Amino acid sequence: MITTLIVDDERHSCEALQILIKDCCPELSVAAVCYSGEEALQKIASLHPQLVFLDIEMPNMNGFQLLEQLPKIDFELIFTTSYDQYAIKAIKFSALDYLLKPVDREELEKAVQKVQKKMNATLSQQLEILLQKVNHPSIPVQRIALPTMQGLELVPISSIISCSSNSNYTEFFLTDKRKILVSRTLKETEQMLEGYAFMRVHHSHIINLNEITKYIKGEGGYIIMTDGSTVDVSRSRKEALMQKLQPSKF
């Protein structure tokens with residue numbers, strides 16, 4: 001059994017999650033339900049849970065602030081939240097799991113299955129990325145957590161040369177010649193890399209502007225990257241690319 005803690009200031013949300021867990025996740029044992037961050041700190045210290053369902057939006061101490069108060073995080077974590085675009089983007093960036101409220105049965109089952117497979121080894125690094133992005137949004141995070149079939153890859157953002165669509169997956173091409181297949185769509189990847197030196201130049205391709213060596217003219221043209229690969233540029237995105245490459249001429 002996996003010792004589990006629920007942290008949420010909304011009692012109806014806690015009750016609904018408890019019912020779902022009892023119904024479809026018998027491997028979880030809910031040891032306690034906490035209705036505030038302060039209460040959760042005490043229960044985490046005394047019960048040593050293996051898994052915590054943590055609400056983000058709570059008064060006095062939100063979920064992120066709670067995590068910062070903990071001297072050690074040695075449990076798996078699933079966030080629960082109402083729709084918060086920025087919080088969700090930060091969570092995706094760190095590749096941590098989250099559930100939108102009201103919690104869907106199938107999504108809960110998937111999240112718990114991932115927890116069972118995942119190793120704790122990268123959790124502290126994921127949380128470091130998450131809290132840096134939440135607390136210091138103006139400071140670019142230097143690493144990104146990429147969820148793969150084998151686990152998580154934490155890579156420097158500057159090491160990404162390009163990203164290519166592969167159905168519902170994205171293939172990342174890195175400066176060390178590695179290729180990483182990530183279980184995210186190219187649209188999700190584009191949202192994650194927003195604010196960095198990346199641009200979607202084709203419906204199937206995102207490039208690191210710092211890794212371009214040459215642009216070859218054409219209807220849309222194509223780009224040669226530092227790894228020798230070529231990336232097509234769609235006609236509709238050509239002008240935007242030229243503005244990025246030659247801003248003084250526009």
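The structure displayed is predicted, hence computed values, not measured ones.
Connection of Leu54 to Val134 is established within a shared hydrophobic cluster, with ILVMFWY side chains joined at heavy-atom distances below 4.5 Å, either directly or through further cluster members. Residues Ile160 and Tyr196 fall within the same hydrophobic cluster, defined by Ile, Leu, Val, Met, Phe, Trp and Tyr side chains chained together at heavy-atom separations under 4.5 Å. In this structure, Tyr222 is not a member of the same hydrophobic cluster as Phe173, with clusters built from ILVMFWY side-chain heavy atoms closer than 4.5 Å. Linking ILVMFWY residues whenever their side-chain heavy atoms come closer than 4.5 Å, directly or via other members, leaves Val233 and Ile224 in distinct clusters. Placement of Phe64 and Leu100 within a single hydrophobic cluster is found when ILVMFWY residues are connected by side-chain heavy-atom separations under 4.5 Å, directly or transitively.
We find that Lys177 and Asp227 are not joined by a salt bridge, their nearest charged nitrogen and carboxylate oxygen being 4.0 Å or further apart. In summary, Lys43 and Glu39 do not engage in a salt bridge, as defined by a charged side-chain N under 4.0 Å from a carboxylate O. A salt bridge links Arg105 and Glu109; the closest N-O separation between the charged side-chain nitrogens and carboxylate oxygens is under 4.0 Å. Taking a cutoff of 4.0 Å between a charged side-chain nitrogen and a carboxylate oxygen, Lys238 and Glu219 do not qualify as a salt bridge. Using a 4.0 Å cut-off between charged side-chain N and carboxylate O, Arg200 and Glu190 make a salt bridge.
The minimum heavy-atom distance between Thr213 and Met225, with the atom names listed, is OG1-O, 3.8 Å. For the pair Thr81 and Glu57, the tightest heavy-atom approach, listed with the atom from each and the gap, is OG1-OE2, 2.6 Å. Between Ser13 and Lys101, the shortest heavy-atom distance links the atoms OG-CD, 3.8 Å. Scanning both residues, Asp9 and Pro59, for their nearest heavy atoms gives OD2-CD, 3.5 Å. Nearest heavy atoms, Ile2 versus Gln50: CA-OE1, 3.3 Å. Closest approach of Tyr215 to Ile223, counting heavy atoms only: CD1-CG1, 4.0 Å.
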**OP:** Decide yes or no on side chain to side chain contact (heavy atoms under 4.5 Å, CB included) for Thr3 and Ser29, but give the supporting numbers first.
**Re:** CA-CA 5 Å; Thr3 305; Ser29 173; 5.6 Å; no

Subject >> Stepwise side chain to side chain contact (heavy atoms under 4.5 Å, CB included) test for Leu47 and Leu5 >> reply: CA-CA 9 Å; Leu47 296 175; Leu5 205 66; 4.0 Å; yes

Subject >> Arg143/Val155 under side chain to side chain contact (heavy atoms under 4.5 Å, CB included): CA gap, chis, key distance, verdict >> reply: CA-CA 5 Å; Arg143 292 178 301 160; Val155 304; over 6 Å; no

**OP:** Decide side chain to side chain contact (heavy atoms under 4.5 Å, CB included) for Asp104 and Leu99; before the verdict, give the C-alpha distance in whole Å, the side-chain angles of both, and the deciding distance to 0.1 Å.
**Re:** CA-CA 8 Å; Asp104 176 77; Leu99 296 169; over 6 Å; no

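Just one of Val182, Asn208, Ile206, Ile180 meets the side-chain contact (heavy atoms from CB on, under 4.5 Å) condition when paired with Cys163; it is Ile206. Each of Leu66, Asp8, Val7 was compared with Asp55 under the side-chain contact (heavy atoms from CB on, under 4.5 Å) criterion, and only Asp8 meets it.
Thr189 has its side chain out of reach of Thr185: every pair of non-hydrogen atoms, C-beta onward, lies at least 4.5 Å apart. Side chains of Asp97 and Ile91 form no contact here, defined as non-hydrogen atoms less than 4.5 Å apart. Side-chain contact between Val231 and Val201 is present, with heavy atoms from C-beta onward closer than 4.5 Å. Taking 4.5 Å as the limit, some side-chain heavy atom of Gln18 sits within range of a side-chain heavy atom of Ile6. Using a 4.5 Å cut-off on side-chain heavy atoms (C-beta onward), Val30 and Leu17 make no contact. Looking at heavy atoms from C-beta onward, Leu241 lies in side-chain contact with Met199 at the 4.5 angstrom threshold. Within the 4.5 Å cutoff, the side chain of Ser234 has heavy atoms near those of the Arg237 side chain. Under the 4.5 Å side-chain criterion, counting only non-hydrogen atoms from C-beta, Thr226 is in contact with Ile161.
In this model, no donor atom of one side chain and acceptor atom of the other lie less than 3.5 Å apart for Ser162 and Glu211. Counted by atom type alone, Thr148 and Glu153 present zero donor-acceptor pairs between their side chains at under 3.5 Å. Side-chain contact check for Asn135 and Glu68: at least one donor-acceptor pair (N or O, by modelled atom type) lies under 3.5 Å.
Remark: Met61 CE to Ser36 OG distance equals 8.0 Å, nearest 0.5 Å. Atoms CG and CD, from Leu131 and Gln65 in turn, are 10.5 Å apart once rounded to the nearest 0.5 Å. Note: Leu20 CG to Glu107 CD = 12.0 Å, rounded to the nearest 0.5 Å. Rounded to the nearest 0.5 Å, atoms CD1 (Ile44) and NZ (Lys72) are 13.5 Å apart. Note that CG of Leu146 is 5.5 Å distant from CD1 of Ile144, once rounded to the nearest 0.5 Å. Annotation: the span from Lys244 atom NZ to Glu239 atom CD amounts to 13.0 Å, rounded to 0.5 Å.
More than 12 heavy-atom neighbours from other residues, nucleotides or ligands sit within 6.0 angstrom of OH on Tyr35. Shown here is Asp176, whose CG atom has more than 12 heavy atoms of other residues, nucleotides or ligands within 6.0 Å.
Remark: Arg184 is not positioned above the aromatic ring of Tyr169, lacking an NZ or CZ atom under 6.0 angstrom from the ring centre and at most 45 degrees off the axis.
The closest donor-acceptor contact from the side chain of Thr170 to the backbone of Ser164 lies at 3.5 Å or more, if one exists at all.
The distance between the ring centers of Phe53 and Tyr98 does not fall below 6.0 angstrom.
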